Engineer: 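Quick one: structure below, then a few questions.
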Amino acid sequence: MDEATDRLVEAVAAGLRTAGDPETAAGAKRYLKSDLTHYGVRLPVIRKLVADASRTHGPLPRAGLVTAARALWHPEVHESRIAAAVLLERHVTVLRAEDTALLEELLRDSRTWALVDLLAGSVAGRLLLREPSVVEVYRGWAAEEEQWIRRSGVLAFLVPLHDDTGFRRHWPVFTDLADPLLADPRFFVRKALGWVLRQAGRKHPAEVHDWLLPRAGRASGVTVREAVRYLGDERGASVTAAHRGGPPGQR
């Protein structure tokens, strides 16, 4: 690492160690069923530590950003890994399409929604808005059987589908990959599908309704409950009714 990058990483690491709370750490470790070390630092505090260090020792060039993210990820410490994801999120405009390889590496090592959702739902999604070509990488993630990578492939559309240009460009891709995933039996995949549909429905309720209605009978209850949140009473009721008339195992 160069000197500035080294100072940034050390500032964040030292801040995390100082800000930790043992009681919070124990609770988070139990809740997440985590095998990582936990300091007990909440996300707003981690964001502030990363922001302060970035202002003091940044801005980071791409090589420095990648190096710093890897350095923060390397310790098997939950908060340090969160800080790595926050650092990438904060500097996402520096990333390139090929950096999906770095994101995938971190995602495969995440093993929990608490890391996956930040890396995929925020960093990967923001990268897709800037670099539309990465959509094929995310399509591949969604097609994988491994739960966290599949969830990542879904959540990578969370930010783009709330953007008008992103919706027009990526809605057909998302619906194509999401269709077979409606039958996935795992909660974390079903919930992710619902979240993305809910976000898309904020600005495009008619499109979400028209796509989901004929598929509601084979969608899970958790997917439908999230998806109808912003569709309006009439549209939401029609999707819910179609879901209730579907296969019992999906309700």
Side-chain angles (χ1 to χ4, degrees), residues 30-34 103-104 107-108 110-125 128 135-163 166-167 169-251:
R30 283 195 304 271
Y31 176 68
L32 294 173
K33 300 179 176 62
S34 174
L103 295 181
E104 184 171 334
L107 286 165
R108 290 189 184 281
S110 292
R111 305 186 301 277
T112 174
W113 60 265
L115 293 167
V116 164
D117 291 8
L118 187 51
L119 287 167
S122 182
V123 182
L128 178 57
V135 72
E136 293 306 319
V137 174
Y138 301 165
R139 188 195 287 270
W141 292 354
E144 283 207 25
E145 185 61 28
E146 201 283 321
Q147 174 178 239
W148 298 120
I149 299 302
R150 177 168 289 183
R151 180 176 170 95
S152 298
V154 173
L155 288 181
F157 290 85
L158 191 64
V159 171
L161 292 186
H162 190 57
D163 174 86
F167 184 88
R169 177 175 284 151
H170 299 302
W171 175 246
V173 178
F174 174 75
T175 52
D176 182 57
L177 68 84
D179 197 330
L181 302 187
L182 292 173
D184 192 299
R186 294 167 295 188
F187 172 83
F188 286 106
V189 175
R190 291 174 164 186
K191 188 78 166 182
L193 289 166
W195 278 351
V196 176
L197 290 168
R198 179 187 70 188
Q199 185 75 331
R202 286 176 178 268
K203 291 184 176 180
H204 302 278
E207 289 89 339
V208 173
H209 169 267
D210 292 349
W211 180 81
L212 186 56
L213 183 63
R215 298 167 175 82
R218 57 186 175 87
S220 73
V222 68
T223 298
V224 170
R225 284 191 294 274
E226 292 291 338
V228 300
R229 191 77 61 86
Y230 299 108
L231 299 190
D233 292 344
E234 186 175 343
R235 290 188 180 115
S238 67
V239 171
T240 300
H243 165 70
R244 288 174 177 163
Q250 294 295 329
R251 295 174 195 170

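Please read these numbers as outputs of a predicted model, since none were measured by experiment.
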Engineer: Quick test of your reading of the model: are Glu226 and Arg198 salt-bridged, counting only N-O distances below 4.0 Å?
Structural biologist: yes
Engineer: Are side-chain heavy atoms of Phe187 and Arg190 found at a separation under 4.5 Å?
Structural biologist: no
Engineer: Restricting to non-hydrogen atoms, name the atom on Val116 and the atom on Ser110 that form the minimum distance, rounded to 0.1 Å.
Structural biologist: CG2-CB, 3.7 Å
Engineer: May I have the step-by-step check of side-chain contact (heavy atoms from CB on, under 4.5 Å) for Trp113 and Leu32, ending in yes or no?
Structural biologist: CA-CA 9 Å; Trp113 60 265; Leu32 294 173; 3.6 Å; yes
Engineer: With heavy-atom distances below 4.5 Å as the criterion, would you say the side chains of Val196 and Gln199 are in contact?
Structural biologist: no
Engineer: State, to 0.1 Å, how close Ala142 and Val154 come at their nearest heavy-atom pair, and which atoms those are.
Structural biologist: CB-N, 4.5 Å
Engineer: Is there a side-chain contact between Asp117 and Arg151 (heavy atoms, below 4.5 Å)?
Structural biologist: yes
Engineer: Is there a side-chain contact between Ser152 and Leu119, using heavy atoms and a 4.5 Å cut-off?
Structural biologist: no
Engineer: For a quick test of reading the model, state the closest non-hydrogen atom pair linking Ala219 to Val224 and the distance between them.
Structural biologist: CB-CG2, 3.8 Å
Engineer: Which atom pair, heavy atoms only, marks the closest approach of Leu197 to Ala227?
Structural biologist: CB-CB, 3.7 Å
Engineer: Do Glu207 and Trp171 come close enough that some side-chain heavy atom pair is under 4.5 Å?
Structural biologist: yes
Engineer: Evaluate side-chain contact (heavy atoms from CB on, under 4.5 Å) for Glu144 paired with Arg108, printing each intermediate quantity in order.
Structural biologist: CA-CA 12 Å; Glu144 283 207 25; Arg108 290 189 184 281; 2.4 Å; yes
Engineer: If I take atom CG from residue Leu158 and atom CG from residue Asp163, how far apart are they, to the nearest 0.5 angstrom?
Structural biologist: 12.5 Å
Engineer: Consider side chain to side chain contact (heavy atoms under 4.5 Å, CB included). Of Leu213, Val239, Thr240, which one does Leu231 pass it with?
Structural biologist: Val239
Engineer: From His162 NE2 over to Arg202 CZ, what is the distance, rounded to the nearest 0.5 angstrom?
Structural biologist: 6.0 Å
Engineer: Okay, side chain of Tyr138, backbone of Gly125: is any donor-acceptor separation there less than 3.5 Å?
Structural biologist: no
Engineer: Check for me whether the distance between the ring centres of Trp148 and Phe188 falls short of 6.0 Å.
Structural biologist: yes
Engineer: Could you tell me if the side chain of Trp211 sits less than 4.5 Å from the side chain of Arg215, heavy atoms only?
Structural biologist: yes
Engineer: With a 4.5 Å limit on heavy-atom distance, are the side chains of His243 and Arg218 in contact?
Structural biologist: no
Engineer: Taking it one step at a time, do Arg235 and Val228 satisfy side-chain contact (heavy atoms from CB on, under 4.5 Å)?
Structural biologist: CA-CA 8 Å; Arg235 290 188 180 115; Val228 300; over 6 Å; no
Engineer: Could you tell me if the side chain of Phe157 sits less than 4.5 Å from the side chain of Val173, heavy atoms only?
Structural biologist: yes
Engineer: If the threshold is 4.0 Å, N to carboxylate O, is there a salt bridge linking Arg139 and Asp176?
Structural biologist: yes
Engineer: Under 3.5 Å, is there a donor-acceptor pair between the side chain of Thr223 and the main chain of Leu193?
Structural biologist: no
Engineer: For residues Leu103 and Trp141, report the shortest heavy-atom separation together with the two atoms involved.
Structural biologist: CB-CH2, 4.3 Å
Engineer: Tell me whether Arg111 is salt-bridged to Glu146, with the criterion being a basic N under 4.0 Å from an acidic carboxylate O.
Structural biologist: no
Engineer: For a quick test of reading the model, state the closest non-hydrogen atom pair linking Leu161 to Gly166 and the distance between them.
Structural biologist: CD2-O, 4.2 Å
